[in-house]
Structures are given as C-alpha cells and as structure tokens.
Amino acid sequence: MEIKQIHTQLLINGLLNDPLLHGQFVASIALKHPNNLDYSTQVLHQCDNPTLFAFNSMIRAHSKSSNPRRSFVFYNRILQSNLSPHPDNYTFTFLVRTCAQLLDRETGQAVHSALTKHGFESDPHVQSGLIYMYAELGLLDCARKVFDDIPEPDLVTQTAMVTACVKSGDVGFARDLFDEMPQRDHIAWNAMIAGYAQCGQSRDALNLFHLMQLEGVEISEVSMVSVLSACSHLGALDQGRWAHAYIKRKKIPITVMLGTSLIDMYSKCGNMDKAMEVFWGMKDKNIYTWSSAMGGLAMNGFGWKCLELFNLMKQEGVWPNEVTFVSVLRGCSVVGLVEEGCKHFDSMRKEFGLEPMLEHYGCMVDLYGRVGRLNDALDFINKMPVKPHAGAWGALLNACKIYKNMELGELASKKIVELESNNHGAYVLLSNIYADSKNWDRVSNVRQTMKAKGVRKLPGCTVIEVNDEVHEFFVGDKSHPRYGEIEAKLEEISMRLKLLGYVANTNPVLFDIEEEEKEDALCKHSEKVAIAFGLISLKEGVPIRIVKNLRACWDCHAVTIMISEIYNREIIVRDRNRFHHFKDGDCSCKGYW
DNA sequence: TTAGGGTTAG
C-alpha cells in the first residue's frame with residue numbers, strides 16, 4: 001500500500017493519536033522520503049502528544065538533509081514538552097551529527113554543553129559523534145579532550161580519533177594511535193589507509209594495505225577505493241592494474257564508487273582506453289563517474305571526446321555540477337575551442353543555476369590564453385565579479401610565456417606575487433620570459449629578488465614504475481643503484497640527439513632559471529634521468545610512463561619528443577597539469593602546456 | 001520502533 005493510502009486510513013480511524021503508531025509512521029516517512037521532510041513534519045503535527053521517538057526521528061532525518069539547522073526546531077519542541085525523559089542519548093547522537101553538518105563551531109559547542117548538562121557525556125555513541133563533529137569543525141584539541149576523557153575508549157571511538165587526526169593533518173599521530181590500538185577491525189584499517197591516501201602519503205597507504213593483506217583482515221570495496229586513489233596520485237599503473245585484477249579475483253562488486261575510482265586511476269595513469277572501458281561497462285553512473293571520465297579525457301588531451309560525453313550525460317538526464325564544468329572547460333581548452341567554452345561558461349548560470357567559481361574563471365583565462373588571445377584573457381580577468389586569484393593570473397602568465405609577451409607577463413607575475421609572495425612558479429615563469437627575449441639583466445634581477453625574499457624553487461622529482469616498483473628520481477640525486485648505467489644511457493642519448501642536429505640551449509643563465517634546480521646540467525633533469533632509466537629497464541616497445549611534480553621543462557619536452565622518435569618509444573608524461581603523450585616525434589599537447 | 005568509526009570527481 002502507498003504511504004498516502006496508509007496515511008488516509010490512519011487519519012480516518014483516528015489511529016494517529018496512538019503515540020506508538022504515530023511515531024512509527026513518522027519515522028518511516030522520514031526515512032523513505034528524506035527529500036520531502038515537510039510531509040513527515042506535517043504528519044508529526046497530526047498527533048496531540050508525539051513521542052520522543054517521533055521527535056528523534058525528525059532530528060535524525062534533518063541532520064542528513066540539506067537544511068540540517070531545522071533539527072533544532074524539533075529539539076526545542078522536546079525541551080518545551082513534558083516528555084520523559086526529556087532529550088535522550090538518541091536525541092544528542094543525532095544532534096551532534098547536525099552540528100557536524102552545519103560546520104558551526106558555536107552551535108557545536110553549545111550542543112556539547114547541553115548534552116553534558118543532561119548527563120550524556122559518557123555515552124559512547126555520543127562520544128564518537130563528538131569526536132567526528134570536532135574534527136569536522138577543525139577543533140582537534142576539543143576532539144582530543146573528548147577522547148582523552150574516555151577511560152577505556154572502544155574500537156569505534158579510537159577509529160573516530162584516528163580519522164580526526166588525519167583530518168587535522170597529523171597523520172603521524174593518527175598512525176601512533178592506530179599502532180597502539182589493542183584490536184583493529186577492518187574499519188580501523190580502512191580508516192588509516194584512507195588517511196594516508198587522503199593526505200597524499202600514497203606509498204604509505206599502499207604499504208599499509210599490503211600489511212592488512214598479510215594480517216588476513218577482511219578487504220572490502222572501501223579498502224580498494226583508497227588503494228586506487230593512492231595509485232592515481234602516484235600514477236602507478238602497474239599497481240593500479242594489480243588492484244583491478246585483485247578486485248576481479250576476489251569478486252568484489254564494482255559499485256558506482258569503486259568503478260569511479262577505477263576510471264580515475266586509469267585516467268591519472270594515462271591509460272584512457274582502459275578508463276573508458278570501465279566507464280562504458282558500468283550500469284549505474286553518478287555525477288562523480290561522469291565528471292571523472294570527462295576530467296580524464298580533458299587531462300589526456302581528448303577535448304572533443306570530453307564534450308561528446310558531456311552531451312551524452314545531459315541526454316541521459318544527469319544534472320551537471322561545478323566540478324563537471326571544470327572538466328568541460330578544460331576539455332574546450334585543450335583543443336582550443338574558445339567559443340564553445342564561452343558558451344558552456346555562460347550556460348552554467350543561465351541553464352544550470354551554477355555560480356562560476358574561481359577554478360572556472362581560471363579555466364576561461366587558460367582558454368583564451370591557449371589560442372593566443374592574451375588581451376581577451378586580460379579583459380576577462382579585469383571583468384571578473386570576484387577578485388582574481390593567483391590561478392587566473394597564473395594562467396595568463398603561462399600564456400605569456402608561450403606567446404612571449406613580456407609586458408603582460410610582468411603584470412601577471414607582479415599580481416601573483418602580490419597575492420602569494422612565495423609563489424616560486426611565478427618568478428620562474430617570468431625569468432623564463434625574460435630569458436626567451438635574451439634580457440639577461442632582468443633575468444638576473446628576478447633571481448636576486450628570489451634570493452632576497454627567500455623564495456625557493458621546488459626540487460624537481462620524477463617517478464617511474466618498473467616491475468611493480470616505484471622509482472623516484474630527484475634532480476641531482478645519484479643514489480639510484482643503477483645510476484652508472486643511467487648516466488651512460490644519458491650520454492648515448494645526448495650523442496644521438498647531436499647527430500640529429502639538436503643543440504641544447506647551453507646558456508648558463510637559462511639553466512638556472514628552469515623550474516628544476518640546476519644541479520649538474522640541463523641534461524640531468526629528473527625527467528630525463530627517469531626516461532633514461534625507463535629505456536634501460538623496460539622491454540622494447542613497452543611505453544615509458546613517468547610522473548613529474550612540476551610542469552614539464554622546455555628542454556626536457558623538446559628532448560622527449562626526439563627520444564620518442566629515435567628510440568621508437570611511446571613516452572607518457574604526467575606533469576603537474578596534464579598529460580603529454582609522446583609518439584613518433586610528436587606530443588599530444590602540440591606545444592601548449 | 002531510533003544511534004557511533006572507514007570509500008569516489010576539481
């Protein structure tokens with residue numbers, strides 16, 4: 001029977017005044033129709049004496065809704081009523097959730113006082129809720145205080161505390177707590193692995209996962225989502241493939257979330273074919289799934305495919321959100337579709353009611369910049385309704401480097417430094433612009449300013465995976481056990497490049513101003529070292545996949561194009577921004593990155 | 001009849 005019919009029957013027979021039946025009915029409507037809480041509220045009022053259970057059900061439903069603050073309407077009704085007991089442990093468990101949702105510190109602390117006053121401070125459900133709430137509110141000390149006051153914290157509160165530490169950025173302490181736990185179930189393991197994955201300690205996440213396997217702990221979808229996320233960050237395709245095979249072998253169901261993680265992993269490892277294979281194989285998709293696939297296509301340079309997917313998504317009735325539009329605009333940008341990009345940008349507000357965010361403005365500047373419309377890019381920045389952020393100016397600066405526009409480049413870098421005085425990228429790009437026009441005095445000025453302000457260049461680092469092992473090369477680091485062979489290979493590459501007429505830009509000033517610190521020489525940039533290592537350690541015909549922490553340097557880019565031809569090797573580089581697929585002497589970025 | 005800890009896209 002339909003709920004409405006039941007409702008009518010209950011009303012006709014006067015049964016809604018039976019407090020027990022009424023409570024049950026309110027709770028079931030609130031659960032079944034979480035998006036229409038007005039209905040359950042209406043039913044709540046159709047009884048003269050609603051039970052505490054009915055009120056609690058309303059607080060619970062609202063704590064998960066888009067308007068959590070309404071929970072307090074029902075809480076106040078409880079306080080005003082003569083119910084006995086007044087609010088109970090259930091009331092506060094739900095109310096604490098509400099506060100976590102609200103991200104309102106004052107309210108959270110007020111609720112904490114109230115539940116203490118009512119004597120529920122020692123309830124373990126309330127305690128774990130409080131730890132979660134304080135972590136959400138960014139009040140780790142308060143979470144810590146709640147935790148430390150528990151004489152014998154159980155598994156759940158301990159796990160909540162581990163997560164709280166991760167959220168506040170103290171993974172080391174989270175791990176200490178985890179190690180000290182007398183017992184750990186699979187949720188505790190998942191919490192710690194997720195913690196490492198979320199704060200970028202991907203290798204630690206993978207190591208802990210392997211330990212979890214060794215200990216024979218149950219491995220679920222949740223564990224695998226974190227494992228895949230760690231592989232995505234590392235760009236570790238072999239490990240990601242292994243994880244996919246493991247999921248199949250263990251028959252872990254590919255839910256929407258797990259499927260989305262697989263798509264993201266393959267995308268960020270540069271294997272878009274495989275990512276799309278997973279995508280098309282998924283029966284259920286949500287907005288994360290679509291946005292992930294679109295973002296992957298854009299990042300890998302398949303702008304048109306990204307837009308096709310966007311159209312398909314709309315045809316299937318899926319409503320885009322802000323993240324989707326970041327992917328759409330990037331898709332337009334990588335193939336230089338300015339008008340199309342503008343159209344989509346306008347549609348955000350007009351068609352979909354979405355307010356563009358800073359990221360979207362940054363994408364638009366990039367869109368104009370890529371095709372060389374620098375003045376339009378500047379115009380766009382000047383007309384932004386919000387204060388332009390460093391990202392918007394950064395997109396312009398990058399375009400100035402490509403199109404060698406010194407004047408605008410100076411302006412953009414000045415603006416960036418005003419906003420972020422330690423933005424090393426801005427200095428590096430500006431000095432590159434000066435160097436391009438052989439303006440060595442200014443190059444030297446920039447370097448002196450950097451020195452004076454103590455702005456340090458981030459050391460370049462490149463990662464390559466060989467035989468399931470991740471090798472990390474820092475610029476100037478010779479510690480790799482096979483460094484001798486790598487050096488010999490680099491010399492061979494250098495010889496073969498020279499035979500083809502390649503002349504490195506040997507101006508020492510230029511060396512020193514590339515994004516990577518000059519340690520040895522231009523030819524020892526971490527990117528080249530990793531490629532040389534790939535050439536000596538991977539079988540012929542196997543693509544070389546590397547991940548860089550910085551934007552590709554110009555010389556490395558030029559050299560990689562040539563290596564792909566000379567050695568007939570596909571080289572896939574993920575830099576800080578996007579992918580470069582090098583093949584047969586060409587790069588998918590077509591010279592713009 | 002109600003409750004606590006772990007997972008996805010920028």
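So that the names make sense, note that chain A is the first sequence line, chain B the second, and so on, each numbered from 1.
Regarding contacts with the backbone of B:dG10, a side-chain N or O of A:K268 is found under 4.0 angstrom from either OP1 or OP2. At B:dG10, none of the side-chain N or O atoms of A:R330 fall inside 4.0 Å of OP1 or OP2 (strictly under the cut-off).
Side chain A:D123 to base B:dG4: no donor-acceptor pair is found below 3.5 Å.
Of the residues in residues 297-327 of chain A, those lying under 4.0 Å from DNA chain B by heavy-atom distance are A:N321, A:V323, A:V326. Less than 4.0 Å separates DNA chain B from at least one heavy atom of each of the following residues of residues 251-261 of chain A: A:M257, A:T260, A:S261. Near DNA chain B, defined here as any heavy-atom distance below 4.0 Å, there are no residues from residues 136-148 of chain A.
In this structure, a donor-acceptor pair under 3.5 Å is present between the side chains of A:H112 and A:Y134.
Considering only residues two or more places apart in sequence or on other chains, A:D141 meets the salt bridge (charged side-chain N to carboxylate O under 4.0 Å, His left out) condition with none of them. The ring pair (Phe, Tyr, Trp, His ring centres under 6.0 Å) check on A:Y246 picks up A:W242, with sequence neighbours excluded.
Taking the six-membered ring for Trp and the full ring otherwise, the centers of A:Y361 and A:H389 sit at least 6.0 Å from each other.
The residue A:M161 sits apart from the nucleic acid: no heavy atom pair falls under 4.0 Å. Across all strands, A:K285 comes closer than 4.0 Å to no nucleic acid atom at all (heavy-atom distances).
Ring orientation note: the planes of A:F94 and A:Y90 are tilted relative to one another, at an angle of 30° to 60°.
The stretch residues 289-301 of chain A participates, sequence neighbours left out, in these side-chain hydrogen bond (donor to acceptor under 3.5 Å, both in side chains) pairs: A:T260-A:T289, A:N286-A:T289, A:S291-A:T324, A:N300-A:H581.
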